[in-house]
Amino acid sequence: ITLVSSLLCSFTFSTAVAGDRLIMAQTLWRHGARTPRECYPNDPYQESFWGVPWGELVKDGMRQHFELGHQLRRRYIEEKGLVSKTYSRYETEVRSADTPRCIESAMANMAAFYSDSPTFPSDESGWPSSWTPVPVHSRPFDEDRELEVAVSCPRVNQLSAARENQPKFQDFLASKWTLFTAINANSGEEFNVSYNTISHMWGVLRVEKGDFNLTMPEWITDDFYNGLQRANDEAQDYIDGQEGFGLPDDTELLRLRGGFMLKEMVKNINEVVGNTTTTKYFVYSAHDTIQRAILLSLGIKSGIMGSGNPYYASAIALELWMKNGEYFVKILFSPDSKSDLVDYTSLLPLKCSDGLCPLNSFIEYVNEYIPKGAEVDHK
Ligand SMILES: *[C@@H]1O[C@H](CO)[C@@H](O)[C@H](O)[C@H]1NC(C)=O
Ligand SMILES: *[C@@H]1O[C@H](CO)[C@@H](O)[C@H](O)[C@H]1NC(C)=O
Ligand SMILES: *[C@@H]1O[C@H](CO)[C@@H](O)[C@H](O)[C@H]1NC(C)=O
């Protein structure tokens, strides 16, 4: 905060800039369509059925990210002129979660984003047309507190378990007994009555039936399937820290899940404002889990998508703008690869006008959701 506000005060402009100007953008997207990450013991669709490993990006997922890359190119290269059409690592930085589907998504996306870059050997026979290789950085899973929300953290498990154990939530689980009965009678495994069981089964069936329209075994009726989706939607944001079932928001849990990434985004903004980086387009290729964590911390998830989940190749964009010598942020979201980014800045719980939020009030607000002290070291 101090860095930014002192810069804001001491920064003077020789010429008053009329209108507003995009200074930087940070995108955080979900990978494209994938195979299930796992199955249940009696599942007719075991790993061998898919022909590629569990959780692998499929061709549709590659297509989705190629489309999203074109959308983002239109906005950030053609319309706003944020970065040049010629790829430069001084302007664009791409970081991915280490999960293969996220890295693959980043590569497909950047192939489209820089499809007009003259930086490839066009005289090489067999070279993919218009493809410039763009570096995609990543960190080992266990060290990636920013992008991999599932990195082991005992305190997160403790806080989520406390929410699960709330009597009102236990009543909710008990009210879903027909789901648990069906699962335990048919899946080939004895699952406990917990949110984990719901999210595990929903995660498998959503892909098999929802994405691939595979024929389901008889016990998975439409009622069962829809009931499972409803149960998952009703529980997931609460388990991850949003108010519900008689409990308020759990700021500590929100901070430990999404706060490392928020911290990274604020750090990038400070570096741009402080002129210590030339990068203007920061790209993060990751998962719905971190997208949800960020949107929950910003208090805008339900306003954007209700209790649902960010779809494949959906993207959050956090933009830094300048108007009359002052910095502002905007937050946008695109629900899938075919849709344009929609401006949701007015949903932020801040005093924003004309779709612009003053940077210092944004930073002050998110500060509560950024881990500090011992929280940073805890694993
Ligand atoms: C349910 O079982 C899973 C896996 O065995 C375990 O990690 C989890 O803690 C259990 N949850 C409850 C509420 O018993
Ligand atoms: C899904 O599969 C069923 C039967 O296998 C078929 O009738 C239906 O049209 C398919 N739906 C879609 C969206 O492909
Ligand atoms: C930012 O830094 C660069 C290189 O250090 C310098 O050339 C440029 O004038 C600086 N811009 C501003 C606005 O201070």
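Sequence positions, counted from 1, serve as the residue numbers for this chain. Note that ligands are numbered from 1 as they come in the structure, with each ligand's atoms numbered from 1 the same way.
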Need the list: ligand 2 N/O atoms against protein N/O atoms, distance under 3.5 Å, rounded to one decimal.
residue	atom	partner	partner atom	Å
ligand 2	2 (O)	N213	OD1	3.4
ligand 2	2 (O)	N213	ND2	2.4
ligand 2	11 (N)	N213	ND2	2.7
ligand 2	14 (O)	N213	ND2	3.1

Looking at [X], I'd like to know if its [atom1] atom is crowded, meaning that more than 12 non-hydrogen atoms belonging to other residues, nucleotides or ligands lie closer than 6.0 Å.
X	atom1	answer
M107	CE	no
R230	CZ	no
K372	NZ	yes
D171	CG	yes

Exercise for the section: Apply side chain to side chain donor-acceptor pair (under 3.5 Å) to the pair D211 and Y312, showing each step before the final yes or no. Expected result: CA-CA 11 Å; D211 294 347; Y312 298 128; 2.8 Å; yes
Handout entry: Any donor-acceptor pair under 3.5 Å from R101 side chain to G55 backbone
Key =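 Side chain of R101 to backbone of G55: a pair is present.
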